[in-house]
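A short worksheet on the structure shown next.
Lettering follows sequence order; numbering is per chain, from 1.
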Amino acid sequence: MRIDQSMEKKLKDILLGAARRAFENGLLKSDVLSDMEIEVPRHDNHGDFSSNVAMVSASVQKMAPRKIAEALIAHLEDPHGIIEKCEIAGPGFINFFLTPASWHPVVQMVHEKDHGFGALEMGQGKKVQVEFVSANPTGPLHVGHGRGAAVGDAVGNILAFAGYDVQKEYYINDSGRQIRTLGRSVWLRLCEALGREIDFPDDCYQGEYIREIAGEILDHMGKDLGDKEEAQGVDICARYAADKILKGIQDDLADFGVTFDQWFSEQSLYDSGRVQAVIEMFREKDVIYEKDGAMWFKTEAFGDEKDRVVVRQNGLTTYFASDIAYHMEKFDRGFDRVIDVWGADHHGYINRINASIDASGRSSDQFDVILIQLVNLLRGGAPVAMSTRAGEFVTLKDIVDEVGRDAARFLFLSRSFDSGLDFDLELAKQQTSENPVYYVQYVHARIAGIMIKALEQGVLDTNDVAWQDIDLSCLTQVEEIKLIKALAAFPGAVGKSASTLHPHVIFTYLMTLASTFHGYYNRHKVITDDKNITLARLCLVGAVKKVIRNALTLLGVSAPERM
RNA sequence: GCGCCAGUAGCUCAGCUGGAUAGAGCAACGGACUUCUAAUCCGUAGGUCGCAGGUUCGAGUCCUGCCUGGCGUACCA
């Protein structure tokens with residue numbers, strides 16, 4: 001029996017073999033079985049695995065599902081003795097109850113694959129780019145960016161673990177109006193600091209950090225700067241401020257444990273002439289046309305609600321123009337798949353990007369957008385007042401400083417990004433059972449404690465145990481089998497998480513595994529008087545420790561040895 | 001008006017490309033520390049899966065219509 005083959009696959013093969021024999025013996029009308037599923041039933045009394053094969057094959061076989069099931073069961077061959085019993089239930093489910101011993105190889109497989117347990121070849125090395133955060137360098141990252149950062153980073157990790165060649169990228173909007181506005185904001189604050197009367201417009205950036213940057217520029221460059229022409233001063237301020245803020249963003253992300261393979265500058269698309277070239281190219285293809293003094297992209301012809309402007313009457317390009325160039329550039333870099341992580345308030349943008357990709361000759365099937373719903377920041381159940389316009393908001397750095405990186409990341413990933421998220425600062429700080437991050441990390445720390453104890457008592461001589469050689473046949477308690485089954489479910493969770501791009505699947509998996517472990521821990525002692533049982537259980541909990549670590553790593557959360 | 005997301009226990013949410021008796025956590029109540037970490041566990045209670053139709057062996061899940069909430073519908077980003 002191949003140890004690295006999933007239980008589902010084994011059972012599927014057994015069923016296919018049975019179908020062939022049943023057909024040869026004339027009990028089935030065809031040896032073809034429709035696409036069957038082997039799944040883990042919700043209820044224990046429905047067995048370890050269940051198959052709907054008899055039901056989905058009913059029309060092909062032109063037989064009643066239960067009759068098909070009977071024929072299959074009569075011809076089952078189980079050379080490795082993994083099936084303890086087999087039942088037909090309900091409308092025609094075939095339920096498999098497996099022997100405890102059939103689960104034991106899973107534990108050894110975890111130890112053997114170690115950091116690689118759960119990794120898949122689903123992606124087949126395809127190149128995927130995940131672009132996320134990409135906040136304008138006009139102010140510090142806030143809570144919403146934090147959720148996007150946690151999700152984007154986790155999605156990248158999960159896809160890489162599922163066998164994709166992943167590149168994480170941050171797109172810097174360092175061009176265009178918002179940067180000029182930033183420069184103007186800083187320049188005005190700088191003038192203000194020099195004692196001049198200023199009129200600070202509403203559409204300038206209101207935050208206190210603008211004053212700080214202005215002060216910093218004055219310290220560095222001296223008060224003479226104030227004598228410069230406004231245009232030049234604004235330009236200097238814009239460059240300095242954008243650079244400064246970007247560095248701050250990079251630091252905050254690093255503190256949050258998020259790193260990027262590439263930081264891609266929007267301005268570079270203009271500097272290299274890429275934006276103009278793309279506009280020209282689409283003009284020649286007649287996809288871009290002129291109307292009312294502006295240039296329009298024919299997005300409506302590719303499924304958008306209406307056409308969109310790429311060059312305004314005043315000759316300036318829109319954000320959309322550089323975005324078209326950027327996404328074309330991504331595909332030119334050879335990515336098979338491009339994933340953007342956006343805030344849900346940008347959803348109206350999806351159709352036009354899809355349209356531009358389809359118009360370019362690529363397929364928007366290769367492009368996915370992860371839309372992240374809003375975060376409601378709470379403190380002790382009450383909403384935290386925030387106003388972006390007034391520049392009053394809680395930054396990502398504030399949150400990481402207050403609740404810690406692990407708690408913040410874990411909570412950001414606790415829900416599907418399709419749903420709004422309540423993030424309670426008090427709850428995130430609490431070191432109690434209400435806080436799921438400790439619930440899971442505690443498993444890791446507890447097992448680490450057991451290992452230390454085992455070393456102290458001399459049950460183990462070394463940390464470097466040959467776990468694969470340990471006899472596990474004494475692991476027959478129901479809680480032990482339940483725990484092994486939870487371990488065996490990890491690769492499936494990774495696959496589901498990767499195929500749906502939903503990291504919270506890993507969160508949910510971790511909560512289930514942690515709960516199963518805590519239940520086992522409270523009912524059974526790992527270190528006992530019986531040496532064989534002790535070693536086998538150490539082997540089991542050691543495997544749990546590794547899977548907890550692997551899963552937490554995917555989410556960017558640490559696995560502490562001690563708490 | 002049109003579009004996207006959501007509507008599941010008192011609260012916050014899971015529920016895999018349709019499967020059997022819809023699950024956790026919190027809050028409530030009752031128990032478990034001479035023990036490898038009680039940051040834990042066990043038990044009790046809690047439901048018209050927003051509403052109405054449809055598709056089929058079978059619907060929380062898919063389709064249609066409606067209701068409610070959030071967001072979006074720029075020659076802004």
Side-chain angles (χ1 to χ4, degrees), chain A residues 37 39-43 45-46 50 52 55-56 58-59 64-65 89-93 95 136 138 173 176-178 181 203 291-296 305-306 308-320 322-323 343-351 371-374 376 381 414-422 424 427 430-443 445-454 456-457 459 492-493 495-497 499-500 502 504-505 507-508 511-512 514-515 517-528 534 537-538 541 562-563:
Chain A
E37 281 173 29
E39 59 175 19
V40 178
R42 275 207 273 258
H43 299 277
N45 53 355
H46 291 144
S50 172
N52 63 354
M55 280 130 69
V56 295
S59 59
F93 288 102
N95 294 338
N136 297 340
T138 55
N173 292 117
R177 209 184 69 158
Q178 74 280 4
T181 304
D203 63 347
K291 193 183 85 180
D292 303 332
M295 306 291 281
W296 298 72
E305 288 168 26
K306 58 176 204 173
R308 309 287 175 176
V309 169
V310 285
V311 183
R312 289 181 268 172
Q313 261 180 354
N314 62 10
L316 296 177
T317 50
T318 60
Y319 181 83
F320 182 40
S322 50
D323 240 12
D345 52 342
H346 289 69
H347 75 255
Y349 219 73
I350 295 178
N351 282 342
L371 282 181
I372 309 225
Q373 296 293 325
L374 293 179
N376 291 314
S414 64
R415 307 278 183 243
S416 166
F417 51 70
D418 288 329
S419 296
L421 175 72
D422 290 339
D424 195 307
L427 191 145
Q430 269 176 37
Q431 303 197 355
T432 69
S433 56
E434 289 177 51
N435 195 339
V437 69
Y438 298 108
Y439 186 79
V440 173
Q441 287 184 321
Y442 191 42
V443 172
R446 264 188 157 169
I447 296 170
I450 296 172
M451 291 298 172
I452 289 167
K453 179 99 176 176
E456 283 169 2
Q457 294 195 355
V459 189
K496 183 184 157 194
S497 183
S499 60
T500 60
H502 274 85
H504 80 275
V505 171
F507 172 92
T508 306
M511 293 300 282
T512 306
S515 163
F517 172 79
H518 285 310
Y520 175 62
Y521 177 92
N522 272 277
R523 188 157 293 184
H524 301 285
K525 297 274 294 176
V526 172
I527 298 171
T528 66
T534 303
R537 289 183 175 173
L538 283 170
V541 300
R562 191 181 306 178
M563 289 171 70

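Both geometric conditions, a ring-centre gap below 5.5 Å and a plane tilt below 30°, are fulfilled for A/F93 over the base of B/rA20.
A/Q457 comes within 4.0 angstrom of nothing in the nucleic acid, heavy atoms only. Among the protein residues, A/Y349 comes within range of the nucleic acid bases, having at least one heavy atom under 4.0 Å from a base atom. Nucleic acid contact for A/D323: none, since no nucleic acid atom lies under 4.0 Å from a heavy atom of the residue. Using a 4.0 Å heavy-atom criterion, one finds that A/N351 contacts no nucleic acid atom at all. Heavy atoms of A/R177 sit under 4.0 angstrom from primed sugar atoms or phosphate atoms, though from no base atom. When heavy atoms are screened at a 4.0 angstrom cut-off, A/Y521 is found touching base atoms of the nucleic acid. A/Q313 comes within 4.0 angstrom of a base, heavy atoms only. If you check every strand for non-hydrogen atoms under 4.0 Å, A/D292 touches a base. A/D422 comes within 4.0 angstrom of sugar-phosphate atoms only, judged by non-hydrogen atoms across all strands, and of no base. A/H504 comes within 4.0 angstrom of the backbone, heavy atoms only, and of no base. Within the 4.0 angstrom heavy-atom criterion, base atoms lie near A/V56. Here A/H518 lies in heavy-atom contact (under 4.0 Å) with sugar-phosphate atoms only. Residue contacts for A/A445: at a heavy-atom cut-off of 4.0 Å it reaches a base atom on one of the strands shown. Within 4.0 Å (heavy atoms only), A/H502 reaches no atom of the nucleic acid at all.
Comparing A/N52 and A/G176 by the nucleotide of RNA chain B that holds the closest heavy atom to each, the one mapping nearer the 5' end is A/N52. Residue-to-nucleotide proximity on RNA chain B shows that, of A/S50 and A/Q178, the 5′-proximal contact is made by A/S50.
In this structure, B/rC16 forms no base pair with any nucleotide, since neither Watson-Crick nor G-U wobble geometry is met with both distances under 3.5 Å. Remark: B/rA22 base-pairs with no nucleotide; criterion is Watson-Crick or G-U wobble with both hydrogen-bond distances under 3.5 Å. Shown here, B/rU40 forms a base pair with B/rA32; the pair counts as Watson-Crick or G-U wobble because both key distances fall under 3.5 Å. B/rG58 is unpaired under the criterion used here, namely a Watson-Crick or G-U wobble arrangement in which both key atom distances are under 3.5 Å. With both pairing distances under 3.5 Å, B/rU73 is matched to B/rG1 as a Watson-Crick or G-U wobble pair. When both pairing distances are held under 3.5 Å, B/rG65 makes a Watson-Crick or G-U pair with B/rC51. Searching all strands for a Watson-Crick or G-U wobble partner of B/rA9 with both distances below 3.5 Å returns nothing.
Between B/rA59 and B/rC51, the distance separating the two C1' atoms is 16 Å to the nearest Å.
Atom-to-atom, CG of A/L427 to C1' of B/rA39 comes out at 13 Å; the value is rounded to the nearest Å. Rounded to whole Å, atom P of B/rC4 lies 17 Å from atom CG of A/D345. Distance CD1 (A/I372) to P (B/rG72): 16 Å, rounded to an integer number of Å. What separates CZ of A/F517 from C1' of B/rC41 is a distance of 12 Å, to the nearest Å. Atom NZ in A/K291 sits about 10 Å away from atom P in B/rC75, given to the nearest Å. Atoms NZ (A/K496) and C1' (B/rA14) sit 8 Å apart, rounded to a whole Å. In this entry the distance linking CE of A/M511 with P of B/rG25 reads 8 Å, nearest Å. Distance, A/N435 CG to B/rA27 P: 13 Å, rounded to whole Å.
Note on A/R42: every side-chain N or O is 4.0 Å or more away from OP1 and OP2 of B/rA22. Look at A/Y439 and you'll find a side-chain N or O under 4.0 angstrom from OP1 or OP2 of B/rC41. Side-chain nitrogen and oxygen atoms of A/R312 include at least one within less than 4.0 Å of the OP1 or OP2 phosphate oxygen of B/rA77. The phosphate of B/rA32 has neither OP1 nor OP2 within less than 4.0 Å of any side-chain N or O from A/R523. Of the side-chain N and O atoms in A/K453, one or more sit less than 4.0 angstrom from OP1 or OP2 of B/rC36. Between A/T181 and B/rA77, a side-chain N or O to OP1/OP2 separation shorter than 4.0 Å is absent.
Without hydrogens or angle criteria, A/T181 side chain to A/R177 main chain gives a donor-acceptor distance under 3.5 Å. Not a single donor-acceptor pair under 3.5 Å links the side chain of A/S419 to the backbone N or O of A/R415. Side chain of A/S497 to main chain of A/A493: no donor-acceptor pair is present (N/O by atom type, distance under 3.5 Å, no hydrogens or angles). At distances below 3.5 Å, not a single donor-acceptor pair connects side-chain atoms of A/W296 with backbone N or O atoms of A/V310. A donor-acceptor contact shorter than 3.5 Å links the side chain of A/T318 to the backbone of A/V309. With A/N522 contributing its side chain and A/H518 its backbone, the two residues share a donor-acceptor pair below 3.5 Å.
The listed nucleotides are B/rU35, B/rG19, B/rG3; the one nearest the side chain of A/E305 is B/rG3. Of the listed nucleotides (B/rA77, B/rC71, B/rA14), B/rA77 has the atom at the smallest distance from the side chain of A/Y319. Among the nucleotides B/rA39, B/rG19, B/rA77, the one closest to the side chain of A/T318 is B/rA77. Here the nucleotide nearest the side chain of A/R446, chosen from B/rU40, B/rC75, B/rA20, is B/rU40. Among the nucleotides B/rA74, B/rC36, B/rG23, the one closest to the side chain of A/K306 is B/rA74. Closest to the A/H43 side chain, of the nucleotides B/rG60, B/rC36, B/rU21, is B/rU21. Here the nucleotide nearest the side chain of A/A294, chosen from B/rC75, B/rA6, B/rU40, is B/rC75. Out of B/rA77, B/rC36, B/rA6, the shortest distance to the side chain of A/H346 is found at B/rA77.
Distance check: A/Y520 OH to A/K525 NZ gives 11.5 Å after rounding to the nearest 0.5 Å.
Side-chain atoms of A/N376 and base atoms of B/rU12 include no donor and acceptor less than 3.5 Å apart. Residue A/N95 places a side-chain atom within donor-acceptor reach of the base of B/rA20, judged by atom type and a 3.5 Å distance cut-off alone. Taking only distance into account, the side chain of A/H347 meets the base of B/rG3 through a donor-acceptor pair shorter than 3.5 Å.
Taking 4.5 Å as the limit, some side-chain heavy atom of A/Y521 sits within range of a side-chain heavy atom of A/I450.
Below 30°, between 30° and 60°, or above 60°: for A/H502 and A/H504 the angle between ring planes is above 60°, a perpendicular geometry. Aromatic ring pairs are classed by plane angle as parallel below 30°, tilted from 30° to 60° and perpendicular above 60°; the pair A/Y349 and A/F320 is perpendicular.
Applying the 90° criterion around 0 to the glycosidic angle, B/rC33 comes out syn.
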